[in-house]
Amino acid sequence: MSDVVEKTLSALPGLFDSQTGAARITSRLRQLVKSITELTSKNEEESLIKQELSSMKEQVSSPNTSMMREIMVRAMYCEMLGYDASFTYIHAIKLAQQGGVLEKRVGYLAVSLFLNEGHELLLLLVNTVLKDLQSTNVIEAYMALTVVAQVFPKDMIPAVLPLLEDKLSYPKEIIRRKAVLALYKFYLIAPNQVQHIHAKFRKALCDRDPGVMTSSLHIYLQLITESPDDYKDLTGSFVTILKQVVGGKLPVDFNYHNVPAPWLQIQLLRILSLLGKEDRSTSELMYEVLDESLRRAEMNHNITYAILYECVKAIYTIHPKAELLEKAARCIGNFVLSPKINLRYLGLKALTYVVQHDAKLALQHQMTIIECLDHTDFTIKRETLELLFRITNAQNVTVIVEKMLDFLHGCSDEHTIIHLVGKVAELAEKFAPDNSWFIQTMNDVFSTGGDLLQQDVPNNFLRLLAEGSESKEEDDQLRLYAVNSYLTVLKGDASHLPQRFLQVMSWVLGEYAHLQESVDQREVIRLLTQLLDQRSVSSETRVWILSALTKISEGQTDLILDLAESLSSSQDTVLRQQAQELRQLSQDSQLYEWVLPRGAPWDSMEVDSSLSFLDGFVSEALAAGAAPYKPPHQRQEELCEDRALNLEPYSFSLPVSLSSCSITDRQSPTLLSVSSGLSGNSTELSQKAGSSTLILEGVKRVWGRDGYLRQNETTAPPVDEPSAAVQPSGQQEAAERLEPQPEPSTQNQDKLQLASSLFVGLGAGSSMSLLGKSEAPPPRFRKKPRPHESSSSSSSGTSERSSDSSSRSSHSTTDSFLYGSLLEEEPATSISAFSHTPKSSTANGLAQNKDTKEDRRANTSQILGGDMVIVRPNTFQDKHPSLVSSDLTALLPADLKDLPHSDVISLTSDPSLSLSSCRLFRDEALLLVILISNCTETVIKDVAVQLTCEELETASLRGNVMNCLEGNSTSVCHYALLMDEPHTNVSFTGTVSYQTQPGHTNTLSFSGTLSAADFIRPLVVSTEEYGKLWLSLSHDVKQNLKLLTDASDPLRTTLNALKDALQLHVVDIIGSEGIVACRLLSGAPCLLHCRVNGAALAMWLRSPHPALPDCILYHCQRALAQH
Amino acid sequence: MIKAILIFNNHGKPRLIRFYQYFAEDMQQQIIRETFHLVSKRDDNVCNFLEGIYFTLIYRHYATLYFVFCVDSSESELGILDLIQVFVETLDKCFENVCELDLIFHMDKVHYILQEVVMGGMVLETNMNEIVAQVELQNRMEKSEGGLSGAPARAVSAVKNMNLPEIPRNINIGDINIKVPSLSPF
């Protein structure tokens, strides 16, 4: 109490001094705090704050600035408690604008607390900031810098940038320091805008004040993290700085607990470790200083340990040096053995990091690690498990997994559970010593992880069971064990089990219950039926269970009929439908045999996902006048269009026949939606439907400007149009279906290929296949290791199949699955190096069919390729492209030869294959052509290319798989890439898998970068159009660029340089101004307005897309810099 | 980078919240709640680091207050731990025996001090004397203009009238002395 009284007394003079107004205000804040203190419930608090806010709203327009300051503090208080006080935001800005220094301070603080970078009100602050930055009052500049570094709108950076640059040479050290940090902030939010001032960053690094230098390290840490290679030349400087700091050359002010500038040391050590990573010569520069740091940091204070820890990490990151490693290992020992818990934690972290390089180190500290495992601290335990996870191998897996599961049982933190359970599953799959252990562990995983589990854990598990390994016997044993184990679980109380676990169990029982001969199938059915009755079981799980029941129901008609009966009144329509199908199947054993062939090998099953067997039905329905099927997204679009059309008055009276046509057009497609989803002609038909809309327009023109227009004969009765058009193709389709080796239409072909590549190896043999039964491929998946990238598609395939084969009710999923993919795959074009003639993709039917089969096989191997460990990572750098002899361009397919293209650069190579790439600029896309050359004399088989790039969209690809590549020949594969969101640079990665001898797959990985410049196309507009477009665009950016002054007409020279580099279209040049237009592929336009301004080119960019101008500006700057 | 700095008391009442990365308002409140939930469960003799859902949490517990720094992987754990110490020592110097009440009534002042230590998520200054000097410079300016500075102090006096259930106690934690009255219903 005495302290409070003391405080009060010391505050008393202030009380007397102040004006009466201030006293009144104080009572407000006091009252607020006091009343909140007295409250007992959240409800009361809420109503009190509401009251407070409304009273603030009344006062907020008060001209009394000291009152405003107090209101701001109150608003901050309310916001902190989580209440919305957004009405004060604008007043905060006003306060910063108008007030004196004190008001400004509160205003700026409030703004930086309330608003974020994207907030629109922030724009109102820009002027104030500009004014204050120019102010002669240091305090004002200081405050403005603070707010700029905390929150500033990205678009306005160019406005404030020159002022900040000036501040870098301000005499006062603190101002320079803040300016550096503000620039760093800008670099973080808009790197393009500050790239020209890198030289100034270097100056800041050499600043005479160590504080400014420290601030600049933030920037360098970030820059070096992004591209260490560009800053290798600074290594010497950083080492010198660190040497001086460690040697105590800094003023004593910088000491903290007698340690010279510890935070600075930490920062420098991090930078050095990044620079020395995988670089021997750079690492050698820093050995000495690292050694000295280790030696000096011996005082017993927290912060010295922080330095030591960074030192150790650096030593293990850079190119190893035995002597240092030894010292570092000893250091880690000290950490791990320390009685201080924080140090022990860091010791474990260091061990986890180091174990990859040196597993022996963990052995030295075995006992400590075991101790930590039983530690009371959650964080320590978790870190220990992380360490154990890293050192798991086939011998210790049982123990480690047991420890992890023990921990999980006692853990309630969801985040940790999800994280760890995934790791347990990973270990179990990788190192399982035997079947029983594996199944038991997975049971634990499923029951502990529950429904929080990542979906890929059960998916991977089921895939493992289904695909099996090389030996069928072993697989069956595993499956049998799983079946037994699940039967035991289900016989107990199953009500508490997570849904995911139940789903896994029912799938396994459905597939493999028949392997267990000693258990009556009726018993299995009974157990599953029991589950169905449980209330805790979700409807999704019920579907799984019912699918399982369908699979094992053969010959148990009585039980099944009972079940179907009881479910036929279910509320759930899906269940009702499944029950109905179950009833049908159980009564017709032939149908059952056909739909669910017992014991059919997994890989030979095929799904005719194009549903071509329904084509006859579709064409009949169409002939009878049904509306053609449209995929959901198209329907949605048309619905929107319809709505838009409805806004127009019904002024034209349409002929009756027409309106009836549009009615059929809009008829609910549900009748056909399920069945005709993918039959090849449906797209054609929707185009036909489009043509009937055209006719509709034609009819509108019955009355023209000149009066009545005689109707043309060509406008046939619209109703007949679609059906008449359909009939022949429908018949043709039906005829094709009857033929044993039919010739599918090109579209069908594409889709079949797509389907086969998506569902390869997972299909069910139940449905008819257009391609006939292909030979069953040998089991291609090995049990280990698990590829993660291919799991998603195949796992959805797994579930697809389980429901598909039982009920065929989930075709809509198939639809969306197929439509969801935009890949348009075309057959491989294999070109011999000698003939140069591409094999036509529209060859005759038979050849095509062969192609398809080969494709399918190649696709399998493509997935298989994902299985393999990447053998040779190889990066290619944009800066030093190795040019390949240009005659490779001669290999480009004839239809692409005329396109503008880049040089061919080599991507990667190994003794048998060499890959190079070439960029072709098509109007609507960038074609990335990958040339695959076989360098050997022998044939290389099953070559498959896989390319991934997150930022880009692949519109189509061609020739990414080929069955064989002759010796010394080159094949071409090309990707059409689209860029929706502008990125300055995007990198792509990919792999090529191929077989030099059967069964031996090699993988070669490659990567590269594409720049936004590859995606920019000229936009040809006239000056008037440009003017109109300019006014309609919203996002603009201004910046000064370098002007190429060496020529007689600098503007024209500069623009031409830009045009060459970026494919811009120079619309017009008038005097000292030039207008230029371009677009991102066929998407968003960007207009550039250039004006010569002294020795600089003032560039003003406008675009509907906010990020595009930045992007283009970046490339313009680069182009000019390189010129 | 430091993503957020949270100060709350033993009951989870926020005392100072500063986010350096944008989160929506309700997300912020959720982070505060979850952080409190995680931190408050822990004994005083366990380590000061926690792997949270969004970031690493580094915290110190002083009597009635938790100081939590949420950081990403680019910060040194022990470095931040000592930075918290520096911050609290600075508060102690500026408020002369800082207590929870100071944080409540001088919220703006605490923010100003914090601004000198951490700016936009980056560590600006770690030298306590420098920080104090900067803050004092600004305080002088404030005194010369008069005004609000007196107000919160008077608010403290008002609290005297509240029924404080317990006498404030002195607690030794680490290197400094923070005297903290415990206000139960906060």
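Both the backbone and the side chain of A:K178 come within contact range of chain B, each with at least one heavy atom under 4.5 Å from a heavy atom of that chain. Neither the backbone nor the side chain of B:F19 comes within contact range of chain A, judged by heavy atoms closer than 4.5 Å. Proximity to chain A is absent for every atom of B:E34, based on heavy atoms less than 4.5 angstrom apart. Both the backbone and the side chain of A:E79 come within contact range of chain B, with heavy atoms under 4.5 Å apart. Residue A:R344: no heavy atom, backbone or side chain, is found under 4.5 Å from chain B. With a 4.5 angstrom heavy-atom cutoff, A:I266 touches chain B only via side-chain atoms. Contact of A:S112 with chain B is made through backbone and side chain together, with heavy-atom distances under 4.5 Å. Using a 4.5 Å cut-off between heavy atoms, B:M119 contacts chain A through both its backbone and its side chain. In this structure, chain B has no heavy atom under 4.5 Å from any part of A:L264. Residue B:Q28: no heavy atom, backbone or side chain, is found under 4.5 Å from chain A. If you measure heavy-atom distances from B:D43 to chain A, you find no contacts under 4.5 Å at all.
For A:D377 (side chain) and B:C47 (main-chain N/O), a donor-acceptor pair under 3.5 Å exists by modelled atom type. In terms of modelled atom types and a separation under 3.5 Å, the side chain of A:N342 and the main chain of B:N48 share a donor-acceptor contact. At distances below 3.5 Å, at least one donor-acceptor pair connects side-chain atoms of B:Q29 with backbone N or O atoms of A:M80. Side-chain atoms of A:W263 come within 3.5 Å of backbone atoms of B:G79 as a donor-acceptor pair (strictly under, hydrogens ignored). Here the side chain of A:R105 pairs no donor or acceptor atom with the backbone of B:Y112 at under 3.5 angstrom. Looking at A:H218, its side chain never comes within 3.5 Å of a backbone N or O of B:M1 through a donor-acceptor pair. B:N127 contributes a side-chain N or O that, together with a main-chain N or O of A:D253, makes up a donor-acceptor pair within less than 3.5 Å.
The distance from the CZ atom of A:R382 to the CG atom of B:L50 is 9.0 Å, given to the nearest 0.5 Å. If you take CG on B:L81 and OH on A:Y305, they are separated by 14.0 Å, rounding to the nearest 0.5 Å. The line from CG of A:L113 to CG of B:L16 is 8.0 Å long, rounded to the nearest 0.5 Å. Rounded to the nearest 0.5 Å, atoms CD1 (A:I380) and CZ (B:F49) are 9.5 Å apart. Rounded to the nearest 0.5 angstrom, B:D108 CG and A:M72 CE are separated by 12.5 Å.
Ranking B:E125, B:K41, B:E130 against chain A, the residue ahead of the rest is B:E125, based on heavy-atom pairs under 4.5 Å. Heavy-atom pairs under 4.5 Å with chain A were tallied for B:D26, B:I32, B:I17; the largest tally goes to B:I17. The most heavy-atom pairs under 4.5 Å with chain A, out of B:L124, B:L83, B:V123, come from B:L124.
Looking at B:S76 and A:R270, their side chains come closer than 4.5 Å, going by heavy atoms from C-beta outward. Taking the side chain as every heavy atom from C-beta outward, A:L346 and B:E77 approach each other to under 4.5 Å. Looking at heavy atoms from C-beta onward, A:Y142 lies in side-chain contact with B:Q134 at the 4.5 angstrom threshold. With contacts defined as side-chain heavy-atom distances shorter than 4.5 Å, the pair A:L109/B:Q115 qualifies. With contacts defined as side-chain heavy-atom distances shorter than 4.5 Å, the pair A:Y256/B:V86 qualifies. In this structure the side chain of B:P14 reaches within 4.5 angstrom of the side chain of A:L81, judged on heavy atoms. Within the 4.5 Å cutoff, no side-chain heavy atoms of A:F254 are placed close to those of B:T126.
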Please determine whether side chain to side chain contact (heavy atoms under 4.5 Å, CB included) holds for the pair A:L343 and B:L78, giving the CA-CA distance in whole Å, both sets of side-chain angles, and the decisive distance to 0.1 Å. CA-CA 9 Å; A:L343 298 186; B:L78 286 177; 3.9 Å; yes

Would you check, one step at a time, whether the test side chain to side chain contact (heavy atoms under 4.5 Å, CB included) holds for A:T379 with B:V46? CA-CA 8 Å; A:T379 314; B:V46 296; over 6 Å; no

Derivation of the side chain to side chain contact (heavy atoms under 4.5 Å, CB included) call for B:E51 and A:H419: CA-CA 11 Å; B:E51 289 295 325; A:H419 182 74; over 6 Å; no

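A donor-acceptor contact closer than 3.5 angstrom links the side chains of A:Q150 and B:R18.
The minimum heavy-atom distance between B:M122 and A:L181, with the atom names listed, is CE-O, 3.7 Å. Taking all atoms of both residues into account, the shortest heavy-atom contact from B:R15 to A:Y77 is NH1-OH, 4.1 Å.
Among A:I174, A:I139, A:V138, the one residue that satisfies the side-chain contact (heavy atoms from CB on, under 4.5 Å) test with B:L137 is A:I139.
Geometrically, B:R42 does not engage A:F378 in a cation-pi contact defined by less than 6.0 Å to the ring centre and at most 45° from the axis.
Residue A:K172 places its NZ atom among 12 or fewer non-hydrogen atoms of other residues, nucleotides or ligands, all under 6.0 Å distant.
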